[in-house]
Amino acid sequence: MSDQPPQPKDGEPRDAITIEQARASDADIQQVHAILLREKSEPAESNRPIPIWLLLFVGAMTIFAITYIIRNSGGLEITFNKAALVYDERYTSAMDTGAGPAKPKVDPLVQGKKLFSTCATCHQGTGQGVPGVYPPLAKSEWVNGSEQRLIRVLLHGLTGELKVEGATYNGLMPNFGKGGGYNWSDENIAYVLTYIRQEWGNNAPAIDPATVTEIRTKGAAGRNKPWTQAELEAIN
Ligand code: HEC
């Protein structure tokens, strides 16, 4: 054994030297292994359970989180389709009035005037009608009289001989309730009637949509043909 370990030849990498060339004796190798054995412990094979304190901690955090979300959900679970469009931590369900966002206010006269354009093709924008063909709405006893009769005219239509302000008509007034191609809501019928009762010098009380609903669903439920003057006069 020479004192000098062999050197790599020119241009040869250092690790080209084999163990034999490095002249490591069995004793050398055993000594190195002994060091390695002493320094490193054998890897444990059993899988270690999650420490109990960690389980308790995670459990406690989960309960806290769920409670927090339920208590501070800004009423999302109660009113998500009404008011709670914006998350508000300070919101509690006790603050829910059940009102929801305010409905836009409708002015019956403004809405009624718009709707009246449909009627104006026959009764004219002036409410004067067309002599001999379409009766007038201005000063008409039907418009300013019984709301029970007037609502029925709109809901189901009107036909046959009809006297208005002393003149006789015989035409067909279409129905705006259902089946006549109009299908107006109770609100819209109330609005247009309120409009014609307060326009052109007319001065009769407004019509409540609830009254239209009442006649549509109870008073004249199931009616599917236009009224005649005689039928209407039998109703107060
Ligand atoms: C297609 C034409 C036409 C349209 C549209 C029409 N009407 Fe009439 N209306 C008539 C005719 C015709 C009569 C008379 C029916 C008869 O002779 O029996 C009448 C009668 C009436 C009467 C009772 C008579 C009177 O002059 O007071 C009222 C009230 C009335 N219409 C309101 C309306 C309202 C409100 C609208 C719109 C929502 C409307 N009408 C839309 C043709 C129409």
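Order of listing sets the numbers, starting from 1, for every ligand and every atom in it.
Contact annotation: for L115 versus ligand 1, there are no heavy atoms closer than 4.0 Å. Residue L150 touches ligand 1 through its side chain alone, judged by heavy-atom distances below 4.0 Å.
Of all atoms in ligand 1, listed by their number and element, those nearer than 4.0 Å to a heavy atom of N170 are 17 (O). Close contacts of ligand 1 with Y169, meaning ligand atoms under 4.0 Å from a residue heavy atom, involve 17 (O). Atoms of ligand 1 lying under 4.0 Å from at least one heavy atom of V143, given by number and element, are 27 (O), 29 (C). Listed by number with element, the atoms of ligand 1 under 4.0 angstrom from any heavy atom of T118 are 5 (C). Remark: ligand 1 atoms within the under-4.0 Å shell around heavy atoms of T159 are 18 (O).
Classification of R149 and E231 as a salt-bridged pair fails, no side-chain N sitting under 4.0 Å from a carboxylate O.
Checked by distance only, ligand 1 and P136 come closer than 3.5 Å through their nitrogen or oxygen atoms. Here's the thing with I196: none of its N/O atoms is less than 3.5 angstrom from an N/O atom of ligand 1.
Using modelled atom types, one finds no donor on one side chain facing an acceptor on the other under 3.5 Å when comparing T211 with D208.
Of the candidates T194, I196, I189, I207 forms a side-chain contact (heavy atoms from CB on, under 4.5 Å) with just one, namely T194.
Few gaps surround CG on L56; more than 12 heavy atoms of other groups in view lie less than 6.0 Å from it. With a 6.0 Å radius and a threshold of 12 heavy atoms from other residues, nucleotides or ligands, N170 has its CG atom above the threshold.
The protein heavy-atom contact nearest to atom 24 (C) of ligand 1 is L162 CD2, 3.6 Å.
At least one heavy atom of W184 sits closer than 4.0 Å to an atom of ligand 1.
Among pairs with a residue in residues 150-161, those fulfilling side-chain hydrogen bond (donor to acceptor under 3.5 Å, both in side chains) read Q148-R152, H156-W227, at least two apart in sequence or across chains. Pairs engaging residues 120-145 under the side-chain hydrogen bond (donor to acceptor under 3.5 Å, both in side chains) rule: N144-N202 [sequence neighbours left out].
Between F116 and Y195, the ring-plane angle classifies as tilted under the 30° and 60° cut-offs. The aromatic rings of Y68 and F64 are tilted relative to each other, their planes meeting at an angle between 30° and 60°.
Distances from atom 8 (Fe) of ligand 1 under 2.8 Å pick out these protein N/O/S atoms: H123 NE2, M173 SD.
For A167, the side chain to side chain contact (heavy atoms under 4.5 Å, CB included) criterion is met by Y169, not counting sequence neighbours.
Each of F57 and L55 belongs to its own hydrophobic cluster when Ile, Leu, Val, Met, Phe, Trp and Tyr are linked at side-chain heavy-atom distances under 4.5 angstrom.
Residue G160 holds the heavy atom nearest to atom 18 (O) of ligand 1 of all those in A167, G160, G127. Nearest-heavy-atom check against atom 17 (O) of ligand 1 across G171, P226, S140, G145 picks out G171.
In terms of modelled atom types and a separation under 3.5 Å, the side chain of R223 and the main chain of P226 share a donor-acceptor contact.
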